[in-house]
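These notes are about the structure you will find just below.
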Amino acid sequence: MTTDPETPSEPRPEAEAPQGHPREPGTEKLTIIQLLPNMLTVVAICAGLTAIKLGLQGSYTFAVQLILLAAVLDGMDGRLARALKSESGMGAELDSLADFLNFGVAPGLLLYTWALEDSRGFGWLAVLVFAVCAVVRLARFNVQRKSEDKSHDNAYFTGVPSPAGALLVMLPMFLSFALGSGPFLPDFVLALWMVAMGLLMISRIPTWSFKTTRIPRKNAKFFLVAVAFALAAAVSYAWITLVLFCIGYIGTVIVMLPRKPRIGTGD
């Protein structure tokens, strides 16, 4: 019952009740399978909250892993809802709230407790800016989703999606974990990085949407091999792979700068 914010869908009409017996709102029954997308969203929320708790306790590696898990679940719940034909308005709103917690609040708090807690106030200001940018982005998407104007270009997002923004803002942590060291950048630089990633989320810069990418049939085998290689690298060298992924994503943002889609999509 969750819809993916990246591709809004029209609500499904309810089945008609038998003549003479109008169906009362909220009386329809749902199967456990139909509730599975919402269950994934709730699990993602629990992962984000637990990540915050672990960050406060100093378990940063596990906390980051939970945010990554929340990002995976965020990519699954909407697609599963569409496959099960169980999308709903409530699921869409629940998904937006989960995105704000997992990708707008948790990453900023992790960076703050990891490196910026002793800064002179500008560290917390950066956390606030990043969180506000995330919620503004999600609010902008909700407005676009409910509007009747569907003329946007689905090949691109407007600005960096919130899950990608969360990964990018944690890039200094990935680098630190890969090198086996603590925070190595000055606090002020980390704060500026967090603010910059927040501004990218609410920018009008077109960013690539993998959902509309098409792979030629003759190249499908090479794509599958590349996916297998990427998964093997992620298992064997998780932090280095994440660093390379973030750098590659930044490269796609730079490449897309000259493009001007009509109206972008949300998360």
Side-chain angles (χ1 to χ4, degrees), residues 5-6 41 44-71 73-74 93-145 157-177 182-205 207 242 246 249-250 253 264 266-267:
E6 293 182 357
T41 305
I45 292 173
C46 293
L49 287 172
T50 305
I52 295 174
K53 173 181 177 290
L54 292 175
L56 294 174
Q57 295 175 345
S59 302
Y60 299 111
T61 302
F62 194 20
V64 170
Q65 290 171 345
L66 285 177
I67 293 181
L68 295 176
L69 173 63
L73 294 176
D74 177 69
E93 298 302 327
L94 183 63
D95 203 42
S96 290
L97 293 173
D99 285 354
F100 174 57
L101 171 68
N102 296 330
F103 311 129
V105 177
L109 288 177
L110 282 185
L111 274 173
Y112 181 78
T113 57
W114 179 64
L116 299 174
E117 200 166 8
D118 296 328
S119 61
R120 299 180 179 178
F122 58 81
W124 184 246
L125 179 62
V127 174
L128 294 179
V129 171
F130 184 80
V132 169
C133 288
V135 77
V136 167
R137 176 179 179 81
L138 291 168
R140 183 175 69 184
F141 164 75
N142 287 337
V143 171
Q144 291 178 355
R145 175 173 58 86
F157 298 131
T158 298
V160 173
S162 54
L167 293 181
L168 291 179
V169 83
M170 292 189 298
L171 176 57
M173 299 184 76
F174 300 157
L175 279 169
S176 175
F177 298 159
F184 56 90
L185 292 176
D187 292 353
F188 190 68
V189 174
L190 284 174
L192 284 180
W193 174 258
M194 194 184 308
V195 171
M197 294 305 101
L199 294 178
L200 274 179
M201 287 195 292
I202 61 172
S203 69
R204 307 301 298 180
I205 297 174
T207 56
L242 285 170
C246 291
Y249 187 84
I250 292 173
V253 172
D267 287 342

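Numbers here are sequence positions counted from 1. Being a predicted model, the structure only gives us computed values, none of them experimental.
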Q.
Less than 4.5 Å apart, side chain to side chain, heavy atoms only: is that true for Tyr112 and Leu116?
A. yes
Q) Atom CZ in Arg140, atom CE in Met201: separation rounded to 0.5 Å? A) 10.0 Å
(Q) What I'd like to find out is whether the side chain of Leu73 reaches to under 4.5 Å of the side chain of Thr41, using heavy atoms alone. (A) no
Q.
The test is side chain to side chain contact (heavy atoms under 4.5 Å, CB included); show your working for Val64 and Phe174 and say whether it passes.
A. CA-CA 9 Å; Val64 170; Phe174 300 157; 3.4 Å; yes
Q. Do the side chain of Ser162 and the main chain of Ala134 share a donor and acceptor less than 3.5 angstrom apart?
A. no
Q: Pick out which of Val105, Leu66, Leu101 makes a side chain to side chain contact (heavy atoms under 4.5 Å, CB included) with Leu49.
A: Leu101
Q: Identify the heavy atoms of Ala63 and Gly55 that sit nearest to each other, and give their distance.
A: CB-N, 4.1 Å
Q: Taking the side chain as every heavy atom from C-beta outward, state whether Asn102 and Ile67 have any pair of such atoms under 4.5 Å apart.
A: no
Q: Could you grab the distance from atom SG of Cys246 to atom CG of Leu175, nearest 0.5 Å is fine?
A: 8.5 Å
Q) Taking side chain as C-beta onward, heavy atoms only, is Met194 less than 4.5 Å from Val129? A) no
Q. What distance do Phe103 atom CZ and Leu138 atom CG have between them, rounded to the nearest 0.5 Å?
A. 9.5 Å
Q: Look at the side chain of Thr50 and the backbone N and O of Cys46, then say whether any donor-acceptor pair between them is shorter than 3.5 Å.
A: yes
**Q.** Heavy-atom donor-acceptor pair, Arg137 side chain to Val160 backbone, under 3.5 Å
**A.** yes
Q) Taking all non-hydrogen atoms of both residues, which atom of Val169 and which atom of Ala166 are closest, and how far apart? A) CG1-O, 3.2 Å
Q: Would you indicate whether the side-chain heavy atoms of Leu167 and Tyr249 approach each other to under 4.5 Å?
A: no
Q: Verify side chain to side chain contact (heavy atoms under 4.5 Å, CB included) between Ile45 and Leu94, making sure each step is shown before the conclusion.
A: CA-CA 10 Å; Ile45 292 173; Leu94 183 63; 4.1 Å; yes
Q.
Please check this pair: side chain of Tyr60 against backbone of Phe177, looking for a donor-acceptor N/O pair closer than 3.5 Å.
A. no
Q: To the nearest 0.5 angstrom, please state how far the CG atom of Leu171 sits from the CE atom of Met197.
A: 8.5 Å
**Q.** Distance-minimising heavy-atom pair for Leu199 and Cys133
**A.** N-SG, 4.0 Å
Q: Look at the side chain of Trp193 and the backbone N and O of Leu168, then say whether any donor-acceptor pair between them is shorter than 3.5 Å.
A: yes
Q: Taking the side chain as every heavy atom from C-beta outward, state whether Thr207 and Thr158 have any pair of such atoms under 4.5 Å apart.
A: no
Q: List the atom of Phe184, the atom of Pro172, and the distance in Å for their closest heavy-atom pair.
A: CE2-O, 3.9 Å
Q.
Show, in sequence, the C-alpha distance, side-chain angles and deciding distance for Val127 and Leu111, and conclude whether the side chain to side chain contact (heavy atoms under 4.5 Å, CB included) test is met.
A. CA-CA 8 Å; Val127 174; Leu111 274 173; over 6 Å; no
Q) Taking all atoms of both residues into account, what is the closest heavy-atom pair of Trp124 and Leu109, and its distance? A) CZ3-CD2, 3.6 Å
**Q.** Counterpart residues, side chain to side chain contact (heavy atoms under 4.5 Å, CB included), relative to Phe122 (two or more places apart)
**A.** Ser119, Arg120, Asp187, Phe188, Ala191
Q. Which heavy atom of Phe130 sits nearest a heavy atom of Pro107, and at what distance?
A. CE2-CB, 4.4 Å
